Amino acid sequence: LAKTTQPISMDSYEGQEVNITCSHNNIATNDYITWYQQFPSQGPRFIIQGYKTKVTNEVASLFIPADRKSSTLSLPRVSLSDTAVYYCLVGDPQNNAGNMLTFGGGTRLMVKP
Amino acid sequence: DTEVTQTPKHLVMGMTNKKSLKCEQHMGHRAMYWYKQKAKKPPELMFVYSYEKLSINESVPSRFSPECPNSSLLNLHLHALQPEDSALYLCASSQGDIRGANVLTFGAGSRLTVL
C-alpha cells in the first residue's frame with residue numbers, strides 16, 4: 001500500500017515562502033503526485049499535480065526529484081488564509097485502476113501575522 | 001458545472017433510524033468515492049465506484065450501504081448506526097480513466113450526528 005509521510009505541523013509568518021515535503025518511497029511508476037488543501041468542515045481542494053521535475057501554477061509549485069520518492073509543495077508568500085491542512089496523495093501501486101486514493105496524515109500549516 | 005453537490009449538509013439521526021446521504025456531479029466523471037472524516041483526522045476511504053460498479057470497499061461495516069444509480073449519482077444508505085459513526089462524510093469524483101493521474105473533486109460534505 002502506497003504510504004505518504006509528511007510533517008504533522010508547520011508554522012510560518014505572512015509573506016514567507018513555505019515548503020512542505022512528502023515522502024512516498026514506493027510510488028508506482030505511472031503514478032502522479034497530487035496535493036490538496038483542506039479548511040475545517042470543508043472538502044479537500046485540489047492544489048497541484050505533477051509527475052516529475054517541476055510544475056508551477058497560479059497558487060503553488062511542486063518539485064519532484066528524479067527518483068520520485070519525495071515531493072515538495074512550495075507556497076510563495078503565504079497569507080493568513082493559507083492556514084489549512086495540506087495532503088499529498090499517491091495511488092496504491094497494487095490497484096490497477098489507479099483510484100485507490102488514500103490520505104496520509106497531512107501537514108497542518110499555521111500562518112501567523 | 002464543476003461541482004460535487006452533497007445533501008443534506010447536516011443530519012441528526014437515532015441509532016434505529018434509516019437515512020441516506022446523496023451526492024451528485026455533472027462533470028462526466030466515471031469514478032465516485034465516499035470518504036469518512038473524524039475531527040482532526042485525514043479522510044478515510046470507504047467506497048469507490050468505477051463506471052457505476054463498486055470497485056473498492058475498504059472493509060466498511062454493513063450498516064453503511066452504497067448505491068450508484070447512474071454515473072452522476074452516488075448514495076450512502078445508513079441503518080443502525082452507532083454514535084462513533086458521527087463524522088463528516090465526503091463525496092468525491094474523478095475522471096476515473098486516467099491511470100495514476102486521477103484528480104479528486106470533493107463536495108462540501110454531510111455532517112452526520114448519531115444520537
Side-chain angles (χ1 to χ4, degrees), chain A residues 1-9 22 24 26-52 55 57 62 64 68 84-110, chain B residues 2-6 9-10 21 23 25 27 29-60 87-113:
Chain A
L1 186 67
K3 183 178 175 180
T4 59
T5 304
Q6 302 174 231
I8 293 174
S9 64
C22 178
H24 28 79
N26 55 347
I27 186 172
T29 302
N30 54 356
D31 241 347
Y32 283 63
I33 300 133
T34 312
W35 284 78
Y36 295 84
Q37 175 193 56
Q38 187 178 27
F39 298 112
S41 296
Q42 294 185 25
R45 184 175 70 103
F46 169 79
I47 301 174
I48 196 166
Q49 183 182 68
Y51 184 80
K52 62 180 179 181
V55 179
N57 63 21
L62 180 59
I64 304 166
R68 302 195 339 111
V85 180
Y86 293 82
Y87 296 98
C88 72
L89 258 74
V90 298
D92 183 341
Q94 296 182 358
N95 174 256
N96 290 329
N99 53 19
M100 181 81 173
L101 299 170
T102 56
F103 284 77
T107 298
R108 193 170 297 273
L109 174 66
M110 173 68 73
Chain B
T2 58
E3 288 188 345
V4 173
T5 303
Q6 290 188 244
K9 292 194 184 316
H10 299 275
L21 305 180
C23 175
Q25 59 87 15
M27 295 176 281
H29 287 177
R30 302 312 300 268
M32 296 187 77
Y33 308 72
W34 280 114
Y35 287 85
K36 171 184 175 181
Q37 187 173 29
K38 304 280 274 185
K40 298 195 183 301
K41 297 291 187 183
E44 296 176 40
L45 183 63
M46 300 176 72
F47 303 104
V48 180
Y49 273 83
S50 180
Y51 291 82
E52 300 164 48
K53 290 187 178 357
L54 183 64
S55 62
I56 295 173
N57 177 342
E58 283 288 85
S59 302
V60 179
L88 182 68
Y89 288 83
L90 293 163
C91 174
S93 68
S94 72
Q95 278 191 261
D97 55 3
I98 311 174
R99 175 70 175 100
N102 282 305
V103 173
L104 296 167
T105 301
F106 280 88
S110 293
R111 173 75 59 190
L112 173 67
T113 302

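As the structure is a prediction and not an experimental result, all values here were calculated from the model. Residue numbering restarts at 1 for every chain, and letters A, B, ... go by the order of the sequence lines.
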Which atoms of [X] approach chain A - backbone, side chain, both or neither, heavy atom under 4.5 Å:
{"X": "B/Glu58", "value": "side chain"}
{"X": "B/Gln37", "value": "side chain"}
{"X": "B/Val103", "value": "both"}
{"X": "B/Thr105", "value": "neither"}
{"X": "B/Ile56", "value": "side chain"}

Testing the basics here: between [X] and [Y], what is the closest heavy-atom pair and its distance to 0.1 Å?
{"X": "A/Arg108", "Y": "B/Lys40", "result": "NH2-CA, 3.7 Å"}
{"X": "B/Pro42", "Y": "A/Phe103", "result": "CB-CB, 4.0 Å"}
{"X": "A/Gln38", "Y": "B/Leu90", "result": "NE2-CD1, 4.1 Å"}

Discussion item. With a 6.0 Å cut-off (strictly less than), is the heavy-atom count around NZ of B/Lys38, excluding the residue itself, greater than 12?
Written reply: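 Above 12, so yes.
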
Practice prompt. Please say whether more than 12 non-hydrogen atoms of neighbouring residues, nucleotides or ligands are located less than 6.0 Å from CE in A/Met110.
Written response: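 No, the 6.0 Å shell around CE holds no more than 12 heavy atoms from other groups.
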
Practice prompt. Taking A/Tyr87 for its side chain and B/Pro43 for its backbone only, find out whether a donor-acceptor pair lies under 3.5 Å.
Written response: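 No; judged by distance alone, with no hydrogens or angles, the pair does not exist.
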
Worksheet item: If you round to the nearest 0.5 Å, how far is NE2 of B/His10 from OG of A/Ser41?
Response: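 Interatomic distance, A/Ser41 OG to B/His10 NE2, rounded to 0.5 Å: 8.0 Å.
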
Worksheet item: For the atom pair CG (A/Leu89) and CG (B/Asn102), what is the distance rounded to the nearest 0.5 Å?
Response: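 Taking CG in A/Leu89 and CG in B/Asn102, the distance rounds to 11.0 Å.
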
Worksheet item: Top residue by heavy-atom pair count (under 4.5 Å) with chain B, among A/Tyr51, A/Phe46, A/Tyr36?
Response: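 Among A/Tyr51, A/Phe46, A/Tyr36, the one with the most close pairs to chain B is A/Tyr36.
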
Discussion item. If you count heavy-atom pairs within less than 4.5 Å of chain A, which of B/Leu88, B/Val48, B/Leu104 leads?
Written reply: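 Of B/Leu88, B/Val48, B/Leu104, B/Leu104 has the most heavy-atom pairs under 4.5 Å with chain A.
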
Fill in: A/Gln49 versus chain B, the contacting section by heavy-atom distance below 4.5 Å
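The side chain, not the backbone.
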
